[in-house]
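Each remark here refers to the structure printed beneath this line.
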Amino acid sequence: MMRRLAFLFIQLTPLCLTIPFAAAQGTRLWTQQRFEDFEKGTPKGVAIRSDGTLEPGPEVRQIAVTPSAYIWSIAADASGNAYAATGSPATVLRISPDGKSTKMFSSKDLTVQAVRIAKDGTVYAATLPSGKVYKLPAGAEDLDESKATVVFDPSQTAEKPKYIWDLAFDGTGRLYIATGGPAAVYRLDVAKSDAKPELFFKSDEQHIRAIAFDKAGNLIAGTDGSGLVYRVDGSGKGYVLYDAPKREITALAIAENGAIYVSAVGGKGQSTLPPLPVQGIPSVSATITIVQPGSVQAFNGNTVIPDGSEVYEIPPQGAPHKIWSGHDDIVYALASTPQGLLAASGNRGRIYRIDEQGQYADIAHLEASQAVGFADSSRGLYVGTANTGKIYLLSHAQATESSYLSDVFDAGAFSQWGRAEVDSSSTNYDLFARAGNIENPERAWSDWKKVLPNNGVLGLETARFVQWKVVLRPGADVGAVGINYLPVNMAPAIDEIVVAPGVRVNAPPAQQQQQQPVAINFNAPPNPGLQFNSEPGREPLSGIRDKSAVTTRWAAHDDNGDELVYSVYYRGDSETNWQLLKATVNERYYTFDATALPDGAYRLKVVASDAPSHNPGEALTFERVSDRFLIDTTPPVLSAMEAHLVNGKIHVTLTATDSATPITHAEYSVDAGPWQYVEPVGKLSDSLTERYDFEAQIKPQQPGVQPLTNPAEHLVTVRVYDRYENAAAAKAVAR
């Protein structure tokens with residue numbers, strides 16, 4: 001433990017360099033050291049321990065692929081043959097250790113739910129949903145329902161259960177049948193040819209889901225409904241050992257020391273999943289519509305039951321307690337072995353090994369969605385799977401040679417690959433690495449190169465992607481694996497520039513309260529109140545209306561994650577040279593005083609540099625030029641204004657001229673009265689110079705207002721605006 005802690009402490013600082021938006025200068029370290037990290041890779045005969053250690057696991061071999069989508073149950077005989085109960089189609093298959101498959105039995109039912117082998121080699125198979133149990137001679141081949149012997153028919157019982165979920169033999173060879181709808185266990189003395197099934201135990205639960213016998217010969221039964229674990233003695237009297245927190249017991253296992261292990265799933269008082277559509281014989285389909293155990297429902301694709309599964313230990317002496325939980329895994333079968341408790345799970349086809357302290361290891365990744373059953377044999381532990389129906393064999397001992405292939409690491413840029421760091425207490429392993437410039441390693445990557453851990457560089461070509469592989473031999477263990485790398489520096493990029501005349505950012509608080517707020521967006525529409533570009537770095541930038549200011553903002557990035565600094569330049573329409581406006585800008589926006597530049601058309605240039613993250617002389621730059629924009633802070637000039645009284649009206653003429661932007665509108669007032677809009681000559685207001693020639697109405701004297709000293713004299717005031725709301729006013733006296 002101290003060795004691992006020391007390794008983690010030493011690597012803490014380099015690891016921080018891989019965090020997005022952190023300073024990126026210098027060497028970085030890609031490290032995999034947690035269970036979650038290693039789960040992303042591909043183990044072959046390697047166990048991934050929950051403490052983040054790789055060690056040799058059992059050898060895993062695929063023995064057979066069945067024609068069926070599901071294997072619901074698996075058993076093994078004394079000769080090492082495996083027997084698979086399948087669905088879609090519903091069959092019992094005998095698979096020899098060399099993988100040869102023989103169809104023993106087929107049914108028109110939806111599935112063969114359970115299969116068990118008697119001491120004399122006779123095979124017993126239960127079908128669903130008819131709920132019958134068939135007897136198949138040891139060497140039987142290609143039997144159908146008419147040729148096989150029915151030893152249990154629910155229609156012949158008083159309770160008439162609808163489903164069979166599990167089968168088990170006691171020490172004397174009697175067969176026990178676990179049913180649902182109602183939940184009951186029947187006993188059948190198969191040694192007697194004329195024996196009839198008898199009701200052995202009945203529960204008020206919905207289903208008896210799993211059964212097994214403890215060391216004292218008691219029947220242990222798990223239910224669906226309230227998640228109860230019963231101990232039933234030889235007389236059929238039941239006693240609740242444990243009321244599990246979950247609603248359905250999916251599997252049971254009995255250890256050599258008498259401990260009972262239980263897996264459970266689903267929240268109490270609610271159905272776990274919707275019904276499962278199951279295909280039967282061609283042209284026939286059905287849907288199981290009862291409130292089913294998750295072990296049946298979960299085979300519908302790769303649906304994950306909320307909150308996953310939990311595994312509990314019920315010790316011979318002491319209180320039951322949880323030893324494992326998997327949020328994304330559903331446990332379908334348990335098996336007690338000298339190495340620990342094994343759990344077959346879905347919906348990722350994982351097999352876990354769990355010890356008494358709750359430490360666990362992922363010992364097999366199967367190429368199927370669900371691992372559903374175990375059957376022990378002298379050759380190893382058979383595993384049945386669903387989606388698709390396959391049979392695997394796990395060796396009892398560690399694999400003689402096993403390998404683990406990491407996931408592909410993307411450095412984000414071409415990189416030089418340095419030393420590999422491995423945390424291991426042994427040297428009984430080999431490390432390899434390869435690199436490439438496309439994410440798929442099978443497309444023209446370099447060959448695997450053996451690497452000396454903790455000594456020297458990898459010796460790989462400069463590339464963007466890298467992957468490592470470790471080959472373990474018995475007794476080896478590997479903890480954290482890290483690879484040092486130095487990204488080749490790439491120039492920064494400026495993705496977009498926006499210029500907003502008449503907007504100021506970071507104005508004094510008093511000014512902010514007085515002015516209209518404005519949001520500066522990338523690709524902003526004419527309405528500045530609309531909000532766009534919510535991704536990081538492109539959020540709306542808040543400012544205020546201010547005719548004397550111009551604000552520019554830009555979006556920039558650096559593929560190396562380097563810290564950037566910016567410089568801002570300007571250039572007029574007819575100019576050649578760029579003039580520095582501001583150097584060393586750390587923000588991605590800049591506001592400047594518009595009155596510092598004469599009215600006219602300009603462009604801005606922003607230069608980005610990664611100098612803060614590199615040695616002097618090694619920095620790279622990138623520049624981008626904005627669209628053309630106008631600065632107009634000067635109001636129009638009004639000239640030649642005249643006003644004359646003509647037939648009781650005021651005839652007004654004047655000329656308005658602006659040096660930068662067109663005249664947009666004008667208004668007039670007579671004798672300090674209300675402002676009235678007026679159009680220019682020609683009506684369109686779209687030029688730098690506009691002439692006005694109009695007649696202004698003289699309004700009658702309002703009651704209560706002091707009369708004019710000279711009723712024949714009137715004051716006319718005219719205001720004219722340019723496109724940037726700069727206004728000029730002029731007045732004239734009409735007589």
Side-chain angles (χ1 to χ4, degrees), residues 72-79 81 83 85 92 94 104-105 107 109 112-128 130-140 143 145-203 205 207-223 230-239 252-254 260 373 375-376:
W72 298 97
S73 177
I74 190 168
D77 63 19
S79 300
N81 298 304
Y83 296 80
V92 175
R94 180 175 62 245
M104 296 184 65
F105 171 74
S107 170
D109 238 329
V112 178
Q113 179 66 26
V115 61
R116 293 293 181 265
I117 313 299
K119 291 182 179 179
D120 64 359
T122 303
V123 179
Y124 291 84
T127 63
L128 186 149
S130 69
K132 294 180 180 179
V133 178
Y134 295 89
K135 177 181 178 181
L136 312 175
L143 297 179
E145 294 161 326
S146 64
K147 298 176 183 178
T149 302
V150 177
V151 296
F152 178 81
D153 185 344
S155 66
Q156 303 302 313
T157 67
E159 297 75 21
K160 295 181 173 51
K162 299 180 178 63
Y163 304 96
I164 294 179
W165 298 118
D166 203 2
L167 302 173
F169 287 98
D170 66 10
T172 65
R174 291 177 294 185
L175 178 64
Y176 292 74
I177 304 164
T179 70
V185 177
Y186 295 84
R187 182 168 62 189
L188 176 65
D189 191 348
V190 296
K192 299 177 181 179
S193 58
D194 59 347
K196 300 296 183 183
E198 60 177 340
L199 179 64
F200 175 68
F201 172 73
K202 188 174 181 180
S203 168
E205 291 283 272
H207 307 275
I208 301 292
R209 277 289 294 113
I211 55 176
F213 284 91
D214 67 12
K215 299 304 177 182
N218 299 304
L219 179 72
I220 307 300
T223 73
Y230 286 98
R231 183 184 64 215
V232 186
D233 63 19
S235 67
K237 179 176 176 56
Y239 175 77
L252 297 167
I254 313 298
I260 300 170
D376 197 14

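Minimum interatomic distance between Ala375 and Ala76 (heavy atoms only, all atoms of both residues): CB-N, 3.8 Å. Residues His207 and Gly181 approach most closely at ND1-N, 3.9 Å, considering heavy atoms. Between Ser203 and Ile208 the shortest heavy-atom distance is CB-CD1, 4.2 Å. Scanning all heavy atoms of the two residues, the minimum distance from Pro154 to Pro161 falls at CB-O, 3.1 Å. Of all non-hydrogen atoms in Ala75 and Arg116, the two that sit nearest each other are CB-CA, 4.3 Å. The shortest heavy-atom contact between Gln113 and Trp72 is O-CB, 3.6 Å.
Separation of atoms CD1 (Ile177) and CD1 (Ile164) is listed at 5.5 Å; rounding is to 0.5 Å. The CZ atom of Arg94 sits 8.5 Å away from atom CG of Asp77, with the distance rounded to the nearest 0.5 Å. Within the model, atoms CZ of Phe200 and OG of Ser235 stand 7.0 Å from one another, a figure rounded to the nearest 0.5 Å. Atom OG1 in Thr179 sits 8.0 Å away from atom CD in Glu159 (nearest 0.5 Å).
For the salt bridge (charged side-chain N to carboxylate O under 4.0 Å, His left out) condition, the pairs that include at least one residue of residues 174-187, sequence neighbours left out, are Asp170-Arg174, Arg187-Glu198.
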For this session: Walk me through it: do Val185 and Val232 pass the test side-chain contact (heavy atoms from CB on, under 4.5 Å)?
Result: CA-CA 10 Å; Val185 177; Val232 186; over 6 Å; no
Exercise. Hey, mind stepping through Trp165 and Leu128 against side-chain contact (heavy atoms from CB on, under 4.5 Å) and telling me if it holds?
Worked result: CA-CA 8 Å; Trp165 298 118; Leu128 186 149; 3.4 Å; yes
For this session: Would you check, one step at a time, whether the test side-chain contact (heavy atoms from CB on, under 4.5 Å) holds for Leu167 with Leu175?
Result: CA-CA 7 Å; Leu167 302 173; Leu175 178 64; 4.1 Å; yes
For this session: Given side-chain contact (heavy atoms from CB on, under 4.5 Å), test Phe213 with Leu219 step by step and report yes or no.
Result: CA-CA 5 Å; Phe213 284 91; Leu219 179 72; 3.7 Å; yes
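At most 12 heavy atoms of other shown residues, nucleotides or ligands fall within 6.0 angstrom of atom NZ in Lys147. Annotation for Lys215: atom NZ counts as buried by contact number, over 12 foreign heavy atoms lying within 6.0 Å.
Among the candidates Phe169, Phe105, Tyr176, the single residue satisfying the ring pair (Phe, Tyr, Trp, His ring centres under 6.0 Å) test with Tyr124 is Phe169.
Ring planes of Phe152 and Tyr186: tilted class, angle from 30 to 60°.
In this model, a donor atom of one side chain and an acceptor atom of the other lie less than 3.5 Å apart for Asp153 and Ser155.
Using a 4.5 Å heavy-atom threshold, the side chains of Ile220 and Ile254 count as touching. Using a 4.5 Å heavy-atom threshold, the side chains of Ile117 and Asn81 count as separate.
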